[in-house]
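Just so it is clear, the model here is predicted, and its values are computed rather than measured.
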Amino acid sequence: MASKPAPKKPAWSVRPFQAGADDAGVVKLLNAVATFDGSVAAWNSDMFNARLDHPQALSGSQWRVAVASNGGIIGALLLFHTGTVRTELIVGVNPAFRRQGIGKALLDCAPGDRRLLCTSRKSVGGAHALFEAAGFGERFGSLLMRKEAQGIHNLPVDDDVAIVEDTRKDARRALLALTAALGAADAADRAW
């Protein structure tokens with residue numbers, strides 16, 4: 001009788017966030033996630049530092065990151081204590097690494113003795129299903145609405161800032177997100 005093969009060990013692990021060492025990686029991750037999931041905001045380093053320094057973040061002491069075998073940050077759980085029992089959380093997983101259990105592993109690290117609140121969109125089926133499977137339910141039935149406009153003008157930006165609009169809307173966006181999160185050298189690695 002043939003024995004079952006041992007379960008494959010994931011090529012990633014979850015560990016506590018390390019302030020300073022992980023900052024740039026989490027910023028890159030949030031930018032990559034924002035290309036797929038509008039409920040996760042893209043942060044620049046100033047916004048990140050402001051949120052990390054806020055008392056609600058507890059200096060990131062309860063934050064967790066998922067790290068690929070090459071050291072790149074591919075997932076994050078960010079917690080913000082907004083009341084005596086309420087904690088808002090942000091879960092981000094690089095789109096190129098979804099459906100590997102990373103989101104569930106991060107949610108398993110969230111405190112069980114707090115009322116957890118997150119934002120998700122039904123149009124991002126994987127994220128919505130992840131939160132529902134973890135016991136989250138719709139709270140206020142809020143509806144995100146948008147009205148298209150004519151003659152849109154981009155905001156003026158500094159010389160070192162570039163606003164890039166993805167007009168392709170195809171599967172190659174996952175490769176762009178991977179490149180943004182892990183760098184160009186890792187994007188050439190076919191194993192990723």
Side-chain angles (χ1 to χ4, degrees), residues 5-49 51-52 57-80 88-111 116 118-121 124-134 136 162 164 166 168-192:
K8 188 176 179 182
K9 186 176 180 186
W12 52 267
S13 60
V14 175
R15 64 166 171 78
F17 168 81
Q18 298 170 354
D22 292 336
D23 297 5
V26 173
V27 170
K28 285 173 100 176
L29 169 74
L30 293 174
N31 287 318
V33 171
T35 66
F36 272 65
D37 188 346
S39 65
V40 176
W43 293 354
N44 62 28
S45 58
D46 291 334
M47 293 171 63
F48 177 84
N49 290 329
R51 294 295 301 263
L52 178 60
L58 301 175
S59 301
S61 62
Q62 294 184 332
W63 292 9
R64 299 293 179 262
V65 291
V67 181
S69 57
N70 69 349
I73 294 177
I74 56 174
L77 170 70
L78 312 178
L79 302 168
F80 301 95
E88 294 182 14
L89 58 88
I90 297 171
V91 176
V93 176
N94 184 297
F97 291 88
R98 291 201 171 154
R99 305 225 184 269
Q100 295 184 26
I102 297 169
K104 181 181 180 329
L106 290 167
L107 281 175
D108 289 344
C109 297
L116 302 176
C118 68
T119 302
S120 182
R121 293 170 62 182
V124 183
H128 190 73
L130 171 70
F131 288 123
E132 281 187 336
F136 287 81
V164 179
D166 179 11
R168 289 191 315 246
K169 295 183 172 46
D170 64 13
R172 287 174 288 210
R173 293 177 3 178
L175 291 175
L176 293 173
L178 176 64
T179 302
L182 300 177
D186 290 322
D189 182 355
R190 299 308 289 168
W192 292 114

Engineer: Looking at CG of Leu58 and CG of Leu52, how far apart are the two atoms once the value is rounded to the nearest 0.5 Å?
Structural biologist: 10.5 Å
Engineer: Heavy atoms, side chains only, cut-off 4.5 Å: are Leu77 and Phe17 in contact?
Structural biologist: no
Engineer: Once you round to the nearest 0.5 Å, how far does CD1 of Ile90 lie from CG of Leu106?
Structural biologist: 12.5 Å
Engineer: Working to the nearest 0.5 Å, report the span between CG of Leu130 and CD1 of Ile102.
Structural biologist: 11.0 Å
Engineer: Report yes if the side chains of Leu107 and Lys104 come closer than 4.5 Å at any heavy-atom pair, otherwise no.
Structural biologist: no
Engineer: Does the pair Asp108 and Val14 meet the rule for a side-chain contact (heavy atoms from CB on, under 4.5 Å), with working shown?
Structural biologist: CA-CA 10 Å; Asp108 289 344; Val14 175; over 6 Å; no
Engineer: Between Trp43 and Phe48, how do the two ring planes meet: parallel, tilted or perpendicular, split at 30° and 60°?
Structural biologist: tilted
Engineer: Let me check something: any side-chain donor-acceptor pairs from residues 19-26 under 3.5 Å, sequence neighbours excluded? List them with distances.
Structural biologist:
unit_1	atom_1	unit_2	atom_2	d
Asp22	OD1	Arg15	NH2	2.9
Asp22	OD2	Arg15	NH1	2.7
Asp22	OD2	Arg15	NH2	3.4
Asp22	OD2	Gln18	N	2.8
Asp23	OD1	Gly20	N	2.9
Asp23	OD2	Gly20	N	3.4

Engineer: Flag the pair Val65 / Leu29 as yes when at least one side-chain heavy-atom distance between them is below 4.5 Å, and no otherwise.
Structural biologist: no
Engineer: Identify the heavy atoms of Ala57 and Trp63 that sit nearest to each other, and give their distance.
Structural biologist: CB-CZ2, 3.8 Å
Engineer: To check you understand the geometry: which heavy-atom pair defines the closest contact between Leu79 and Gln62, and what is its length?
Structural biologist: CD1-O, 3.4 Å
Engineer: Would you check if Arg99 and Val93 make a side-chain contact, meaning some heavy-atom pair closer than 4.5 Å?
Structural biologist: no
Engineer: Kindly give the heavy-atom pair with the smallest separation between Pro95 and Ala32, and that separation in Å.
Structural biologist: CG-O, 3.7 Å
